[in-house]
Amino acid sequence: MKKIHSLMTAMLIFCMVFGATSVAFAQDGDQYATPELAAAFAGEYAGTVVTVDGPFVDQDEVLFYETMASFEEATGIDIQYIGNKEFETSIAIRVDGGDAPDIADFPQPGLFSGFAASGDLVDLTTFMDLEDVGTRLGQGWIELGTVPGADGTSAYYGIVERVNGKSFVWYPKQAFDAMGYEVPTTWDEMTALMDLMVSDGYTPWCIGIESGTATGWPATDWVEEIMLRTTSLENYDKWTTGELKFDSPEVKNAIQIMSDIWFNDAYVYGGRESIVSTGFGDAVAPMFTDPPGCFLHKQGNFITSYFPEGTVAGEDYDFFYLPGIDEAYGSPVLGGGDIFGMFNDRPEVRAVMAYFTYGEHLKEWMAAGGAIAPQSDIDLDWYGDPITRGIGEIMLNATASRFDGSDLMPSEVGAGSFWKGMTDYVSGTIDLDTAVQEIDAAWPAK
């Protein structure tokens, strides 16, 4: 594909789709998003502590701390992040026990909206001006954070502070090139490449879906990708709202296409039986052995945080777009993101939440790789690697884009029966018909 200007691409797609406009990060009190943010930079909250709970662990947790370090230094606010692989379970326990963190990072809109509906989250418009927020976050991102509260009235409860693309296949570039392999541009070409790798004595895919209580989510990503490539956007949208059942031909077909790869032991490192027990972050390790244990791994751009230390983008690894399947559905892109909600209403917590609306807070993470800013007030030079440039190109050329389907579903399904059903199906404890029926049964009554 033709290379286009470095990092401009990533921002172009977000600005085109979500209509964001640019504004510089203010450094004088009158122009800060809220009075609390101005007071924070004036040192009025020095010595206070703000707790943030979320799913960031390992390198992602380190990057979060690094990207917030300048804010802590400038304000004296101590931000304490509580990373937990079992976040989806632990946050419910904390809130129910009256021990909610000040702020929580929700990777699923469905989980986030549940806490808004229960009245646990603070309506951000009580201290934020949506018109001001809209100068940095486009309307699409604001709408994603606008959900019904306890009284049924929709309000702005969550800030989309970081986004990522998911429709990518990663590979060990040096070994891949040495074998003379070519990047596939169609699903048939990818299948042919897989068969060629097998005939050469190699295993095409590394796959792992273990993630603590969130085990199974990588499988749901695969199903969502294939849904976008085999049926209409209207059907995808109906599926995420429960109008199109998992037991429908469209969804079962998508799962079967995934199964044709996953259940072929020649295609998967360790075979089918290893998938459920392999951590999603650990799954990439065999790709970097000599010779590679596998050549392909499908995952979002954040996965580079789990690559071995010292690996260089564009040299040790590269990626390609997960090809389309049916030409009728073009080249869609699947994405995700983090929504930050606020449980405890104190001035210093308000200041931190306001800061999340500025691209400035992601500067270090963008430089390190693995994060794309939805905020438009960034300096494009903050992006520090060619991977982000390539991701931007793919997103710009996408014929359609959709948010992660399981993240849009109610938490009972998206972070519950869908994860579990796919895990049980992949492990072989239930068949496909049973899996989809059990997933459908968990859908909450309307």
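Start at 1 with the first residue, then count along the sequence.
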Task: Single hit among Ile103, Val95, Thr51, Asp102 for side-chain contact (heavy atoms from CB on, under 4.5 Å) with Phe343 - done: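 Running side-chain contact (heavy atoms from CB on, under 4.5 Å) over Ile103, Val95, Thr51, Asp102 with Phe343 returns exactly one hit, Val95.
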
Task: Test ring-ring contact (aromatic ring centres under 6.0 Å, His included) applied to Phe71 and Tyr355, Phe64, Tyr358, Tyr45, the passing residue - done: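 Testing Phe71 for a ring-ring contact (aromatic ring centres under 6.0 Å, His included) against Tyr355, Phe64, Tyr358, Tyr45 leaves exactly one candidate, Tyr355.
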
Task: Sidechain-backbone polar pair: Thr67 side chain, Leu63 backbone, donor-acceptor under 3.5 Å - done: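 The answer is no, because no donor-acceptor pair under 3.5 Å joins these two groups.
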
Would you compute the distance between atom [atom1] of [X] and atom [atom2] of [Y] and round it to the nearest 0.5 angstrom?
| X | Y | atom1 | atom2 | result |
| --- | --- | --- | --- | --- |
| Ile275 | Cys206 | CD1 | SG | 10.5 Å |
| Asp326 | Ile226 | CG | CD1 | 13.0 Å |
| Gln174 | Glu315 | CD | CD | 7.5 Å |

Open item on the list: So that I can tick it off, tell me whether Glu225 and Arg229 are bridged by a salt bridge, with the cut-off set at under 4.0 angstrom between side-chain N and carboxylate O.
Closed with: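 Salt bridge flag = yes for Glu225 with Arg229.
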
- [ ] Look at Asp221 together with Lys166 and state whether they make a salt bridge at an N to O cut-off of under 4.0 Å.
- [x]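 Salt bridge between Asp221 and Lys166, a charged N being under 4.0 Å from a carboxylate O: yes.
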
Are side-chain N/O atoms of [X] and [Y] paired as donor and acceptor at under 3.5 Å?
| X | Y | value |
| --- | --- | --- |
| Arg136 | Ser376 | no |
| Asn164 | Asn301 | no |
| Ser406 | Glu224 | yes |

Tell me whether the centres of the aromatic rings in [X] and [Y] are closer together than 6.0 Å.
| X | Y | result |
| --- | --- | --- |
| Phe56 | Tyr81 | yes |
| Trp205 | Trp222 | yes |
| Phe307 | Phe288 | yes |
| Phe280 | Tyr306 | yes |
| Phe41 | Tyr32 | yes |

Open item on the list: Tell me whether Arg162 forms a cation-pi arrangement with Trp365, defined as NZ or CZ under 6.0 Å from the six-membered ring centre and within 45 degrees of its axis.
Closed with: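 Relative to the ring axis of Trp365, which defines the angle, Arg162 lies inside both limits.
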
Determine the interplanar angle of the [X] and [Y] rings, folded into 0 to 90°, and report it as parallel if under 30°, tilted if 30 to 60°, perpendicular if over 60°.
| X | Y | answer |
| --- | --- | --- |
| Phe246 | Trp443 | tilted |
| Trp217 | Phe302 | tilted |
| Phe176 | Phe295 | tilted |

Open item on the list: For Tyr317, I'd like to know if atom OH has over 12 heavy atoms of other residues, nucleotides or ligands within 6.0 Å.
Closed with: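 Count over threshold, so yes.
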
- [ ] Could I get the full list of salt bridge (Lys or Arg N to Asp or Glu O under 4.0 Å) partners for Asp129, not counting sequence neighbours?
- [x]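 In terms of salt bridge (Lys or Arg N to Asp or Glu O under 4.0 Å), with neighbours along the sequence ignored, Asp129 is linked to no residue.
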
Open item on the list: Test of understanding: with salt bridge (Lys or Arg N to Asp or Glu O under 4.0 Å), list the residues that count as partners of Arg94, not counting sequence neighbours.
Closed with: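 Partners of Arg94 by the salt bridge (Lys or Arg N to Asp or Glu O under 4.0 Å) criterion, ordered by chain and then number, come out as Asp53, Asp99.
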
Task: Residues forming a side-chain contact (heavy atoms from CB on, under 4.5 Å) with Asp345, sequence neighbours excluded - done: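 Per chain and number, Asp345 pairs via side-chain contact (heavy atoms from CB on, under 4.5 Å) with Val122, Met342, Arg350.
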
Task: Heavy-atom pair with the smallest gap, counting every atom of Ala219 and Ile209 - done: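 Nearest pair, atom of Ala219 first, then Ile209: N-CG2, 3.9 Å.
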
